[in-house]
Amino acid sequence: MECVVQGIIETQHVEALEILLQGLCGVPKQRLRIHELCLKSGPNLGVVASEVRLLCDLEQAEPSWTVKHIGGAMRGAGAEQLSVLVRTTVESKVSRNALRFFYGLGYKLDYELLRVGFAFTFERGARITVAVTSVNKMPKLHATDEAVPVTPGIQLVEVTSPAAADNYTDVVAAISSFCEHLAPLLHLSKPGVPTGVVATAAAAAASLMSNGSGTTL
């Protein structure tokens, strides 16, 4: 399982967000350059379509591959009241032949993206990762060097943490508490819930840039 919230921020304020995150997290940032391929099953694999994502980490000297399946979100009255989405996930390292393998099974490429940015991973009541990325599309198949932003001037912010059936409420609380510190710059909510840029972002960013540092928790 994983807990997740998402939001967006204008690219002009990303540097201020990075300063804030550096102070809050107290760990070095990790550069991200992820080639993401979304594959959907064909009719030969059953009536109900399944979807997997192949993630290639291009920041590594030798690109590494991961396969990830995102399952359904937790349902019920209790889940509706949570400010964080709780969903099932399965993730595993795979070889560079994974794409050919899934094509052989009958999966087909639905879309591909290139996510470029940075992330911080730290412990704060849970193991939390904050990723800030520009989401890019490719004009030609697998042409990562020619990728262009899907939404110019806007970047995606995603906060995630692994969870289990016996501790997800603690993880939700940890994420919610951490996200309060980001509120002046952006609003974070469950994936799929419409959100926009925050009116206070410009003033908050200006203050952070003038101070030059965040606040360590």
Side-chain angles (χ1 to χ4, degrees), residues 2-36 55-61 63-64 66 68 83-85 89 91 113-136 144 147 149-163 167-168 170-191 193 195-217:
E2 75 173 0
C3 298
V4 56
V5 288
Q6 293 179 342
I8 58 174
I9 189 170
E10 292 179 283
T11 301
Q12 61 181 329
H13 300 323
V14 166
E15 185 177 354
L17 176 60
E18 181 181 342
I19 290 172
L20 177 59
L21 289 172
Q22 185 69 70
L24 291 171
C25 304
V27 297
K29 74 175 181 181
Q30 172 191 358
R31 295 190 179 278
L32 297 180
R33 186 175 172 83
I34 305 294
H35 183 194
E36 177 179 320
L55 310 173
C56 182
D57 185 354
L58 299 176
E59 273 296 316
Q60 303 297 321
S64 62
T66 301
K68 183 173 184 178
S83 60
V84 176
L85 182 72
T89 59
E91 188 172 324
L113 300 169
L114 179 68
R115 300 180 185 270
V116 181
F118 60 88
F120 290 91
T121 299
F122 57 98
E123 297 286 341
R124 191 76 66 208
R127 186 169 179 78
I128 299 173
T129 297
V130 184
V132 183
T133 56
S134 169
V135 181
N136 303 273
T144 55
V150 174
T151 52
I154 296 292
Q155 297 205 22
L156 175 69
V157 181
E158 187 172 59
V159 182
T160 60
S161 180
N167 77 338
Y168 74 86
D170 294 333
V171 176
V172 167
I175 289 180
S176 298
S177 176
F178 175 77
C179 289
E180 290 178 4
H181 296 281
L182 309 183
L185 278 175
L186 73 156
H187 174 67
L188 293 156
S189 60
K190 296 178 180 180
V193 176
T195 182
V197 296
V198 177
T200 58
S207 176
L208 283 163
M209 293 299 291
S210 63
N211 292 334
S213 64
T215 302
T216 303
L217 291 176

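Fair warning: this is a prediction, and the values are worked out from it, not measured in the lab.
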For V193 and L85: C-alpha separation, side-chain torsions, deciding distance, then whether side chain to side chain contact (heavy atoms under 4.5 Å, CB included) applies.
CA-CA 10 Å; V193 176; L85 182 72; over 6 Å; no

Smallest separation among heavy atoms of T200 and P184, with atom names
OG1-O, 2.8 Å

Okay, side chain of S207, backbone of A204: is any donor-acceptor separation there less than 3.5 Å?
no

Measuring from atom CG of L17 to atom CD of Q155, what distance do you get when rounded to the nearest 0.5 angstrom?
9.0 Å

Closer than 3.5 angstrom, by distance alone: can the side chain of Q6 be matched with the main-chain N or O of S189 as a donor-acceptor pair?
no

Rounded distance [0.5 Å steps], CD1 in I8 versus NE2 in H187
10.5 Å

Going through the checks in order, is the side chain to side chain contact (heavy atoms under 4.5 Å, CB included) test met by V132 and E18?
CA-CA 9 Å; V132 183; E18 181 181 342; over 6 Å; no

For residues S83 and V5, determine if any side-chain heavy atom of one lies less than 4.5 Å from a side-chain heavy atom of the other.
no

Closest heavy-atom pair and its distance - C25, R124:
O-NH2, 3.9 Å

Tell me, do I9 and V14 make a side-chain contact under 4.5 Å, heavy atoms counted?
yes

Output for pair (E2 CD, K68 NZ), nearest 0.5 Å, gives 4.0 Å

Heavy-atom side-chain contact between V197 and I154 under 4.5 Å
yes

Please check if the number of heavy atoms outside Y168 that lie under 6.0 Å from its OH is greater than 12.
no

Taking every non-hydrogen atom, the tightest pair across L188 and G7
CD2-N, 3.4 Å

State, to 0.1 Å, how close Q22 and V27 come at their nearest heavy-atom pair, and which atoms those are.
NE2-O, 2.8 Å

How close do R31 and E59 get, counting heavy atoms only, and between which atoms?
O-CG, 3.5 Å

Atom CD of Q12: over 12 foreign heavy atoms under 6.0 Å
yes

Considering non-hydrogen atoms only, spot the tightest contact between T66 and E91 and give its length.
CG2-CG, 3.3 Å

Once you round to the nearest 0.5 Å, how far does CD of E10 lie from CG of L185?
11.0 Å

Is there a side-chain contact between S134 and T11, using heavy atoms and a 4.5 Å cut-off?
no

Do the non-hydrogen side-chain atoms of I34 and T133 ever get within less than 4.5 Å of each other?
no

Are the side chain of T121 and the backbone N or O of T129 linked by a donor-acceptor pair below 3.5 Å?
no

With a 4.5 Å limit on heavy-atom distance, are the side chains of F178 and V130 in contact?
yes

Do R115 and L156 have side chains that approach each other closer than 4.5 Å (heavy atoms only, starting at C-beta)?
yes

Output the distance between atom SG (C3) and atom CD1 (I128), rounded to the nearest 0.5 Å.
9.5 Å

When rounded to the nearest 0.5 angstrom, what is the spacing between CG in L32 and CG in L58?
11.0 Å

Side-chain heavy atoms of P149 within contact of N136, under 4.5 Å:
yes

